[in-house]
2 protein chains.
Amino acid sequence: MAAKPVKSTKTNKKHGVTRDSILDAGLHLFSERGFDGVSVKDVEAAVGLTPGRGSFYRHFKSREELLETIVHREVERVRNMRDMQQRAVGGSLGDRRAELIMQFRLSLTGLNEIKALINLLAREYGRFPELMKQLRELLVDESQELAADDYAEDIRKKIIRGTDSAALSAVVQSALVGYHLANSYFKTAPGGIDSERFINTLVDLILEK
Amino acid sequence: MAAKPVKSTKTNKKHGVTRDSILDAGLHLFSERGFDGVSVKDVEAAVGLTPGRGSFYRHFKSREELLETIVHREVERVRNMRDMQQRAVGGSLGDRRAELIMQFRLSLTGLNEIKALINLLAREYGRFPELMKQLRELLVDESQELAADDYAEDIRKKIIRGTDSAALSAVVQSALVGYHLANSYFKTAPGGIDSERFINTLVDLILEK
DNA sequence: GTCTATAAGTAGATAGAC
DNA sequence: GTCTATCTACTTATAGAC
């Protein structure tokens with residue numbers, strides 16, 4: 001299994017550019033200017049290679065392979081982060097209100113964390129369906145189901161309002177995502193409402209009493 | 001005032017391609033493939049000109065001018081539509097619940113109407129700030145203030161819940177926009193919740209009792 | 001692992017004939 | 001109003017020297 005010669009333990013970078021530095025630069029460039037707005041030349045320049053000399057191709061076989069690698073790495077990174085946080089917050093206090101507020105805060109900071117990834121894929125809408133699917137699973141499918149289960153229990157206990165826990169989960173998630181995107185795309189909080197005020201209003205809305 | 005010679009009443013198209021047909025084609029092409037994904041050649045082909053011959057430039061001085069004209073036309077179109085609907089629904093029934101449901105339905109169909117425009121500008125994030133500003137005014141600033149006024153009155157009358165009408169307006173608008181975008185970008189209703197179920201849950205949430 | 005050089009293609013835009 | 005022809009610039013990607 002460990003048959004490869006001992007060149008270096010992990011990132012054998014000698015003195016040149018690391019694969020990771022290309023991934024980092026690519027994520028931010030693609031996110032800011034779109035896939036077509038970033039030439040291989042731009043990426044080379046960003047990591048300190050002489051622009052236009054094609055040294056990029058020693059690291060990735062094409063511009064498209066770079067994009068795929070970036071998305072995959074980012075999705076995994078965020079999935080791990082979310083799972084860790086979830087374990088940390090889960091049923092920590094008896095106070096459901098405080099717990100919801102904390103959860104919504106984490107949702108917003110989580111969305112902020114993958115801002116660049118969302119941006120990147122939103123730009124390339126319809127062009128890389130396979131990559132889009134990865135984002136959907138992470139952002140919608142997985143997140144929403146988990147919350148819906150909690151809401152169902154709270155509804156039984158008459159802690160939160162309503163009867164349709166799945167729909168409630170969709171409303172809450174949509175509100176948080178919508179708020180985040182309005183902030184992100186228009187660089188202004190909708191109606192000038194800051195995130196704490198937004199979260200408080202949302203929590204008041206779903207809590208019974 | 002009416003000094004121009006009587007060439008033709010409105011769209012003097014002789015027999016060639018109309019300016020409007022280029023705008024229509026441009027909107028849909030840009031929306032589907034992004035600004036950089038659509039060459040002048042593509043636009044020419046779409047309206048029946050020989051691709052690659054540059055006849056496009058008799059109608060618009062550049063590809064960028066085409067984009068600006070498209071956005072301006074679309075924003076005006078939707079603003080007019082919204083204002084007409086608003087007059088039609090305003091205080092029509094004594095039933096506030098039915099009225100809210102109707103309003104949210106109109107919001108969602110309105111968002112659907114400008115799907116192509118939203119798509120187009122979301123792709124070019126950060127590149128055409130002036131055009132983005134037009135969309136924000138239409139979609140966030142104008143819409144949200146109007147709703148907030150209604151909510152403030154309803155809160156006084158104890159018809160709807162909460163104390164912060166501006167924040168409530170932001171939550172509602174964010175939920176609707178978030179729901180629309182999830183549908184639009186992932187081509188699947190979040191959590192499999194259809195729009196009527198979503199709207200009902202949202203209305204139940206904000207109504208007192 | 002980076003450089004030089006270069007191939008082959010496509011883009012936006014213009015001038016002028018019809 | 002459309003077509004022919006063309007200029008210039010830039011793109012992805014490869015081959016081979018160091």
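The chains referred to below are lettered A, B, ... by the order of the sequence lines, with proteins before strands, and numbering in each begins at 1.
Summarising the geometry, the separation between CG on B:Asp36 and C1' on D:dT12 is reported as 15 Å, rounded to the nearest angstrom. Atom C1' of nucleotide C:dT2 and atom CG of A:Leu49 are separated by 7 Å, given to the nearest angstrom. In this structure, the NZ atom of A:Lys61 is 9 Å from the P atom of D:dA13, given to the nearest Å. Atom-to-atom, CG of A:Asp20 to P of C:dG1 comes out at 13 Å; the value is rounded to the nearest Å. A straight line from CZ of A:Phe56 to P of D:dA15 spans 17 Å, rounded to a whole angstrom.
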Check residues 27-35 of chain A and write down every donor-acceptor pair under 3.5 Å in which the side-chain atom is one partner and the other belongs to a residue at least two apart or another chain.
unit_1: A:His28; atom_1: ND1; unit_2: A:Asp24; atom_2: O; d: 3.1
unit_1: A:Arg33; atom_1: NH2; unit_2: A:Asp42; atom_2: OD2; d: 3.0

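Legend: residues meeting side chain to side chain contact (heavy atoms under 4.5 Å, CB included) with B:Ser169, ordered by chain and number and at least two apart, are B:Gln144, B:Ala147, B:Ala148, B:Tyr151. In terms of the side-chain hydrogen bond (donor to acceptor under 3.5 Å, both in side chains) criterion, residue partners of A:Glu74 (sequence neighbours excluded) are, by chain and number, A:Arg77. Here B:Tyr125 pairs with A:Tyr185 under the ring pair (Phe, Tyr, Trp, His ring centres under 6.0 Å) rule; sequence neighbours left out. The side-chain hydrogen bond (donor to acceptor under 3.5 Å, both in side chains) check on B:Asn119 picks up nothing, with sequence neighbours excluded. For A:Phe104, there are no ring pair (Phe, Tyr, Trp, His ring centres under 6.0 Å) partners two or more places apart in sequence or in a different chain.
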B:Leu168 vs A:Leu205, test: side chain to side chain contact (heavy atoms under 4.5 Å, CB included). Steps then yes/no.
CA-CA 9 Å; B:Leu168 179 63; A:Leu205 226 42; 3.8 Å; yes
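Comparing atom distances between the B:His59 side chain and each of C:dG12, D:dT14, D:dT2 picks out D:dT2 as nearest.
Residues from residues 39-46 of chain B placing a heavy atom under 4.0 Å of any atom in DNA chain C, listed by number, are B:Ser39, B:Val40, B:Lys41. Contacts between residues 63-71 of chain A and DNA chain C, defined by a heavy-atom separation under 4.0 Å, are absent.
Other residues, nucleotides and ligands contribute only 12 or fewer heavy atoms inside 6.0 Å of the CE atom of A:Met102.
Residues B:His180 and B:Val177 fail the side-chain proximity criterion, which asks for heavy atoms closer than 4.5 Å. Counting only heavy atoms from C-beta outward, the side chains of B:Leu106 and B:Gln85 approach each other to under 4.5 Å. Counting heavy atoms from C-beta outward, A:Ser143 and A:Gln173 have side chains that approach closer than 4.5 Å.
For residues 132-147 of chain A, the pairs satisfying salt bridge (charged side-chain N to carboxylate O under 4.0 Å, His left out) are A:Arg79-A:Glu142, A:Arg82-A:Glu142, A:Arg136-A:Asp141, with sequence neighbours left out. Residue pairs meeting the salt bridge (charged side-chain N to carboxylate O under 4.0 Å, His left out) criterion with at least one member in residues 184-194 of chain B, sequence neighbours excluded, do not occur.
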Distances for protein N/O vs nucleotides 4-6 of chain C N/O pairs under 3.5 angstrom?
unit_1: C:dT4; atom_1: OP2; unit_2: A:Arg53; atom_2: NE; d: 2.7
unit_1: C:dT4; atom_1: O4; unit_2: A:Arg53; atom_2: O; d: 3.2

Check the interface with nucleotides 16-18 of chain C: list each N/O to N/O pair with the protein under 3.5 Å, or write none.
unit_1: C:dG16; atom_1: O6; unit_2: B:Arg58; atom_2: NH2; d: 2.6

